[in-house]
There are 2 protein chains.
Amino acid sequence: MLRLSKLADYATVLLVHLGRHEGLATAAALAVETGVPEPTVAKLLKGLASSGLVLSHRGARGGYRLAGELEKVTVAAVIAAVDGPIAITACCDGRECEHSSLCGLSGQWDVVNDAILSTLNSITLADMGRHAERLPRRGPALAPAATVGAESPSVTEAVS
Amino acid sequence: MLRLSKLADYATVLLVHLGRHEGLATAAALAVETGVPEPTVAKLLKGLASSGLVLSHRGARGGYRLAGELEKVTVAAVIAAVDGPIAITACCDGRECEHSSLCGLSGQWDVVNDAILSTLNSITLADMGRHAERLPRRGPALAPAATVGAESPSVTEAVS
DNA sequence: TAATTCAAGACTTGTTAAGTCCTGATTTAT
DNA sequence: ATAAATCAGGACTTAACAAGTCTTGAATTA
C-alpha cells in the first residue's frame, strides 16, 4: 500500500518537536506534548539515539535533544533510522528475488525506489515543521507520463 | 516501512507480461509463466478487470488482455487499482488526523505524498518492462509446468 | 544513598496483507 | 443441448508484522 509505518510518522513528529525544544526533553514530557503514547515515545527515542539522530543524557534531569539541526536531517534519514533501509519491494533491499527469472522486471523497482528515495532526501525536518501558508491539498491526479530517466523530481520548490 | 504491497508488485509483473502477450491469456497460464500462485493471479486479474486496466473474456478460450498500451499505464495507476489511493500516512488519505492539534506537522505529509505520487505517475509499465527482452518464449495458453522451476540462470545481475 | 531517567530487549496484542476456496455466470465447442 | 472452459464475486482462513507494553538493569544527579 506504500504506507509509511506509524513509528516513522511519530518519529518525525518527535524530532520536529525536539528541534524546537530548549535544552533536554524527557520521553515522558514529549509524550504529553505530542500525544504519542509514552512507552512508544521511549522506544522510538532509544532507537533514534542509537542511530545518532538524537543525543541522550541519563540520570536525574536527563533527557534527549536533537543531535543536529532540523535543516540537516532529511525525511529519508528518519525513515531509515526507524524502519531500516527504504525498499519499496523485497527486490530492492539487496536480497535476491526468488522469482527473478520469471518476473520480467529485472530490477526496475530499484529505479522507482531510487526516485522515491531522492524525493525523500530532498525534504528536511525543517520543511516538515514549516507551517505552510497555502498547501496544495490534493496534488496532480494524473501527471503526464515521462521516462524513467527523470529521477530528480523537482519537489524542492514545492516544499520550500 | 514505505513498502509496496506484494499484490501491487505482482500486478505490475502480470500487466507487463500481458502487454507482451499475443491475444488472450488465461489466469492459469499467467500463473505458470510468471511464477505467481494461481489463485492470487485470478484474484488480481479480477480486480484489475473491474478497474479497467485489463479486459476479460469469459468462457472456453477466454482470458485477459491489456486494456491499453504499456506506455499509457503508469505505476501509480497500477498501485491505486490494487491497493487504493496512494497515501503514505493516515493523514494523507482524506480523513482527519486525530492528533493534528499536537503533531505540529500540519499536513506536510501531503507534500511528501504528492511528490511520491508524481514520481510514480512519471513511470509507465513500458519503463518497468525495459531491459527485460530476454523472456522464455512459450506457446500461449499451453505452458508445461515442468519447465517452470527448472531454470534459475544468472541470479546476480538483477541486483544492479 | 535515593531518585530520576535512559538502555536493552522480551513479550503480547491487533491489524491487515496475503492466500484459498466455493458458488455462480458466461462463452465456446461438440 | 450438453459439456467444458473460464471469468465474477465474495467469504473465509492464515500468517506476518507493526504496534504497543512491560521488566530489568545501568548511568547520572542531588
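Every chain is numbered from 1, with letters handed out A, B, ... down the list of sequences.
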Novice: Rounded to the Å, how far apart are A:Ile79 CD1 and D:dA18 P?
Specialist: 14 Å

Novice: Counting distance alone, no hydrogens or angles: does the base of D:dA5 have a donor or acceptor under 3.5 Å from a partner atom on the side chain of B:Arg61?
Specialist: no

Novice: Please report, rounded to the nearest Å, how far the C1' atom of C:dC6 is from the CG atom of A:Leu45.
Specialist: 10 Å

Novice: What is the distance from CG of A:Leu55 to C1' of D:dT28, rounded to the nearest Å?
Specialist: 16 Å

Novice: Counting C-beta onward and ignoring hydrogens, is there a side-chain heavy-atom pair between B:Ile88 and A:Arg3 closer than 4.5 Å?
Specialist: no

Novice: Using a cut-off of 4.0 Å on non-hydrogen atoms, how would the nucleic acid contact of B:Ala27 be classed: base, sugar-phosphate, or nothing?
Specialist: sugar-phosphate

Novice: Any side-chain N or O of A:Ser50 below 4.0 angstrom from OP1/OP2 of C:dA7?
Specialist: no

Novice: Could you give the NE2-to-P distance, from A:His57 to D:dT28, as a whole number of Å?
Specialist: 7 Å

Novice: I want to check something: taking the side chain as every heavy atom from C-beta on, are B:His17 and B:Glu33 in contact at a cut-off of under 4.5 Å?
Specialist: yes

Novice: Can you check whether A:Leu53 reaches A:Leu66 side chain to side chain, under 4.5 Å on heavy atoms?
Specialist: no

Novice: Without decimals, in angstroms, what is the distance between A:Leu18 CG and C:dC6 P?
Specialist: 11 Å

Novice: Is any side-chain nitrogen or oxygen of B:Ser56 closer than 4.0 Å to OP1 or OP2 of D:dA8?
Specialist: yes

Novice: Check this for me: does any side-chain nitrogen of one of B:Arg130 and B:Asp127 sit under 4.0 Å from a carboxylate oxygen of the other?
Specialist: yes

Novice: Would you indicate which nucleotide in D:dA8, D:dA19, D:dG25 comes nearest to any side-chain atom of B:Tyr64?
Specialist: D:dA8

Novice: What is the separation between atom NZ on A:Lys46 and atom P on D:dA26, rounded to the nearest whole Å?
Specialist: 15 Å

